[in-house]
**Q** 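Let me begin by handing over the structure; questions about it come next.
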Amino acid sequence: MASPRRRTPRRRVWPKIRLLLLVAVVAAGGTALYPVWKAANPDPPELTVRYRTDTPATATAAKPSLEVFNDTGKPLPLSDVTLRYWFTADGGASYAFNCVNAVFGCSNVAGRIVAMDKPADTADHYLEVRFTAAAGSLKPGANSKGIDLQLFRTDHKKLKQSDDRSFDAEMTSYKAAEKVTAYKRGVLAWGQEPDGTKASDDKKATAKASAPDPLPAPPAGVLFDDFTYQGPKDPALFKHGWLVRTSKGGPGVESTWSAQGVSFPTAEGSHADGQVLNLRASTDGTKAGTKQASLGTAASKFRDGTYAARIHFSDKPATGDSGDHVNQTFYTIGGKGSKYSELDNEYMPNGGWGRPGPKLDTVTWYDHKTNDRVYETTNKSLDTWHTMLIRVKDGVVAYWLDGKKLFLSNGKYAPRADMSVNFNHWFIDLPFKGDRAWDMKVDWLYYNANETLSAKQVQSAVEGFTDEGMNYFDTVRESR
């Protein structure tokens, strides 16, 4: 019996067409629904910012402490990150900031105060904080730890924070803070800006155009400070290595050193008319009524290189009658006995020790006990701003005033020990009774352990630092 003929199977065309149509419909629906899904499932943030503070709404300074978390699986260079703390300026007041503490060092923190082009209800300015390359990178999942900042009025009046967008008095422990924004290479990566822009919004990409260039690491062996502080008790002042003298002893009217004479006002003629160190020496003509002022580095780690400071000397008192034998001093000192070292710039508008003024003594000391020193006197008024330089190289000390060399010392008259850097304002004697006060101002201090620089080179370096918002850093190592 012959086998039955097998039929060729029919091709299943319509099921395939139906499947393709179903995929197309789903795809079309998915495209339409994507914005809804995207809103409900935004991209996870690349980083998170947490915030805390311990200040009330009215305070001498805002004290935001910030933490940055790396939420990616790759290292996050902190130099890629910019933070913005949004606030409302009080009646057009001028503001400044400083860094109090960071595990990678305040030398690697830079900042600036920026006025917004389009103010919002709770912000018309922001504090922008950036980090140098030396701040390092955060490993995946790592935390920067607390970056403690201070934001304050340069007139040192209390500020109101109740209308500041980023302030929250209830956040006394670290919590995620979306009103503090963060940017990665200029693109909003965390938080919500005052205009409502969020890190998850597509329009955040427009921020790319304003991405700042990365901050380089501060140069090695350099100290720079432009004295952006609140006052003699500012914790940043001590964290940055400064000591306000209140101890006993001389020179001048002994044991009259007081923190009351140390302040940080704004001053005309300073860099950008910003804050300066002001040392006020005041008296009523009696020892009991006398206060002298001094600020110096806690560390004695300075020897060779370039010391520079921009200083405003005064020929007349700020209040009261003139005639005092005041000494306005920029100097270094260190060592004891056979290692004693001291380099002085002493300006005396009314002279002193029987010698008339106004005059500037540039002095290199070998032994203060035996009065063994060499010096040069410049007899003229210095009643304005000046750039003072001391350059030390190969056993030679050179003193400069506004780019002009004043005096050289060498041989045994050269530093034999590492020294501290100091500014003093004191009375040689008290020739008459009556209340009076004298001011000496310092715009900035610069020290470079590696190079001997001209006044123009120093000024260029200082302008570069301040343009980047680097108001302080110290990379000078102590000798072992």
**Q** Just verifying a value: how many Å separate Asp315 CG and Leu382 CG, rounded to the nearest 0.5 Å?
**A** 7.5 Å

**Q** Side chains of Thr48 and Asp71: any donor to acceptor distance under 3.5 Å?
**A** yes

**Q** Using the test salt bridge (Lys or Arg N to Asp or Glu O under 4.0 Å), find all partners of Glu342 that sit at least two apart in sequence or belong to another chain.
**A** none

**Q** Ignoring hydrogens and geometry, is there a side-chain-to-backbone donor-acceptor pair from Asn98 to Thr228 under 3.5 Å?
**A** yes

**Q** Met348 pairs by side chain to side chain contact (heavy atoms under 4.5 Å, CB included) with which of Leu360, Val326, Thr377, Asp361?
**A** Asp361

**Q** Please walk me through it: do Tyr85 and Thr181 pass side chain to side chain donor-acceptor pair (under 3.5 Å)?
**A** CA-CA 7 Å; Tyr85 180 91; Thr181 52; over 6 Å; no

**Q** Does Lys412 have more than 12 heavy atoms from other residues, nucleotides or ligands lying within 6.0 Å of its NZ?
**A** yes

**Q** Aromatic ring centroids of Phe313 and Tyr347 under 6.0 Å?
**A** yes

**Q** Whether Lys393 and Asp304 form a salt bridge (side-chain N of Lys/Arg under 4.0 Å from carboxylate O of Asp/Glu) is what I want to check.
**A** no

**Q** Measure from the side-chain N and O atoms of Thr387 to the backbone N and O of Ala455, and report whether any donor-acceptor pair falls under 3.5 Å.
**A** no

**Q** Is it true that Asp195 and Lys118 make a salt bridge, defined as a side-chain N closer than 4.0 Å to a carboxylate O?
**A** no

**Q** Check whether the side chains of Glu346 and Gln328 place a donor and an acceptor atom closer than 3.5 Å, and report yes or no.
**A** no

**Q** Look at Asp155 together with Arg153 and state whether they make a salt bridge at an N to O cut-off of under 4.0 Å.
**A** yes

**Q** Would you confirm whether Arg416, through its side chain, and Ser338, through its main-chain N or O, come within 3.5 Å as a donor-acceptor pair?
**A** yes

**Q** Is there a donor-acceptor pair closer than 3.5 Å between any side-chain N or O of Thr332 and the backbone N or O of Met419?
**A** no

**Q** Roughly how far apart are Tyr95 OH and Phe152 CZ, rounded to 0.5 Å?
**A** 11.5 Å

**Q** Hey, would you say the Trp242 and Phe227 ring centroids sit under 6.0 Å apart?
**A** yes

**Q** Quick one: OG1 on Thr329 to CG on Asn424, what's the gap to the nearest 0.5 Å?
**A** 5.5 Å

**Q** Check the pair Lys160, Asp90 against salt bridge (charged side-chain N to carboxylate O under 4.0 Å, His left out), reporting the backbone distance first and the verdict last.
**A** CA-CA 7 Å; Lys160 182 180 70 171; Asp90 300 338; 5.6 Å; no

**Q** Take Lys404 and Asp402 through the salt bridge (charged side-chain N to carboxylate O under 4.0 Å, His left out) test and state the conclusion after the steps.
**A** CA-CA 6 Å; Lys404 180 182 178 181; Asp402 297 328; over 6 Å; no

**Q** CD of Gln260: more than 12 outside heavy atoms within 6.0 angstrom?
**A** no

**Q** Keeping Ser166 on the side-chain end and Trp86 on the backbone end, is there a donor-acceptor pair under 3.5 Å?
**A** yes

**Q** Can you check whether Val68's main-chain N or O pairs, donor with acceptor, with Ser144's side chain at less than 3.5 Å?
**A** yes

**Q** Tell me if a side-chain donor or acceptor on Gln457 pairs with a main-chain N or O of Ser454 at a distance below 3.5 Å.
**A** yes

**Q** Rounded to the nearest 0.5 Å, what separates atom NZ in Lys145 from atom OG in Ser65?
**A** 12.0 Å

**Q** Walk me through it: do Thr53 and Asp168 pass the test side chain to side chain contact (heavy atoms under 4.5 Å, CB included)?
**A** CA-CA 8 Å; Thr53 189; Asp168 190 336; over 6 Å; no

**Q** Measure across Trp385 and Val442 and return the closest heavy-atom pair with its distance rounded to 0.1 Å.
**A** CZ3-C, 4.4 Å

**Q** Are Glu478 and Lys301 ion-paired here, with the side-chain N under 4.0 Å from a carboxylate O?
**A** no

**Q** Quick one: is the NZ or CZ of Arg84 closer than 6.0 Å to the six-membered ring centre of Tyr183, and within 45° of its axis?
**A** yes

**Q** Start with the C-alpha gap between Asp372 and Tyr413, add the side-chain angles, then the distance that decides, and say whether side chain to side chain contact (heavy atoms under 4.5 Å, CB included) holds.
**A** CA-CA 9 Å; Asp372 190 351; Tyr413 297 104; 2.5 Å; yes

**Q** Can you confirm if the aromatic rings of Phe104 and Phe131 lie within a centre distance of less than 6.0 Å?
**A** yes

**Q** Between His368 and Tyr340, is the gap from one ring center to the other below 6.0 Å?
**A** yes

**Q** Kindly say whether Pro251 contributes a backbone atom to a donor-acceptor pair with the side chain of Gln292 at under 3.5 angstrom?
**A** yes

**Q** With distance as the sole criterion, is a donor-acceptor pair present between the side chains of Trp365 and Asp344 under 3.5 Å?
**A** yes

**Q** So, taking the atom named OH in Tyr446 and the one named OG1 in Thr306, what distance separates them when rounded to the nearest 0.5 Å?
**A** 6.5 Å

**Q** Classify the ring geometry of Phe224 against Trp444: parallel below 30°, tilted from 30° to 60°, perpendicular beyond 60°.
**A** tilted

**Q** Would you check if the side chain of Thr475 reaches a backbone N or O of Val222 as a donor-acceptor pair within less than 3.5 Å?
**A** yes

**Q** Parallel, tilted or perpendicular: which describes the rings of Phe465 and Phe473, with under 30° parallel and over 60° perpendicular?
**A** perpendicular

**Q** Mark yes or no: Arg165 above the aromatic ring of Tyr126, with NZ or CZ under 6.0 Å from the six-membered ring centre and no more than 45 degrees from the axis.
**A** no

**Q** Given Leu445 and Tyr472, is the side chain to side chain contact (heavy atoms under 4.5 Å, CB included) satisfied, shown in steps?
**A** CA-CA 10 Å; Leu445 171 69; Tyr472 156 83; over 6 Å; no

**Q** Could you check Val129 against Leu149 for side chain to side chain contact (heavy atoms under 4.5 Å, CB included), going step by step and ending with a plain yes or no?
**A** CA-CA 9 Å; Val129 180; Leu149 308 172; 3.7 Å; yes

**Q** How far apart are the closest heavy atoms of Arg280 and Ala318, and which atoms are they?
**A** NH2-CB, 3.4 Å

**Q** Are Thr364 and Tyr399 close enough that some pair of their side-chain heavy atoms sits under 4.5 Å apart?
**A** yes

**Q** Would you please say whether a donor-acceptor pair under 3.5 Å links the side chains of Asn471 and Asp226?
**A** no

**Q** For the residue pair Phe330 and Tyr307, is the inter-centroid distance of their aromatic rings smaller than 6.0 Å?
**A** no

**Q** For Thr72, which residues count as a side-chain contact (heavy atoms from CB on, under 4.5 Å) partner, sequence neighbours excluded?
**A** Glu46, Asn70, Lys74

**Q** If you look only at pairs with a residue in residues 262-273, which of them pass as a side-chain hydrogen bond (donor to acceptor under 3.5 Å, both in side chains), with sequence neighbours excluded?
**A** His271-Thr466

**Q** Look up atom CG in Leu159 and atom CG in Asp164, then write down how far apart they are to the nearest 0.5 Å.
**A** 7.5 Å

**Q** Looking at Arg303 and Asp418, is any side-chain nitrogen of the basic one under 4.0 Å from a carboxylate oxygen of the acidic one?
**A** yes

**Q** If every non-hydrogen atom of Leu83 is compared with every non-hydrogen atom of Ala182, which pair is closest and at what distance?
**A** CD2-CB, 3.7 Å

**Q** Using atom types as modelled and distance alone, determine if a side-chain donor or acceptor of His156 lies under 3.5 Å from a backbone N or O of Phe264.
**A** yes

**Q** Does a side-chain N-to-carboxylate-O contact under 4.0 Å join Arg130 and Glu468?
**A** yes

**Q** Carefully, step by step, assess Tyr229 and His240 under the rule ring pair (Phe, Tyr, Trp, His ring centres under 6.0 Å).
**A** CA-CA 10 Å; Tyr229 299 105; His240 294 180; 5.6 Å; yes

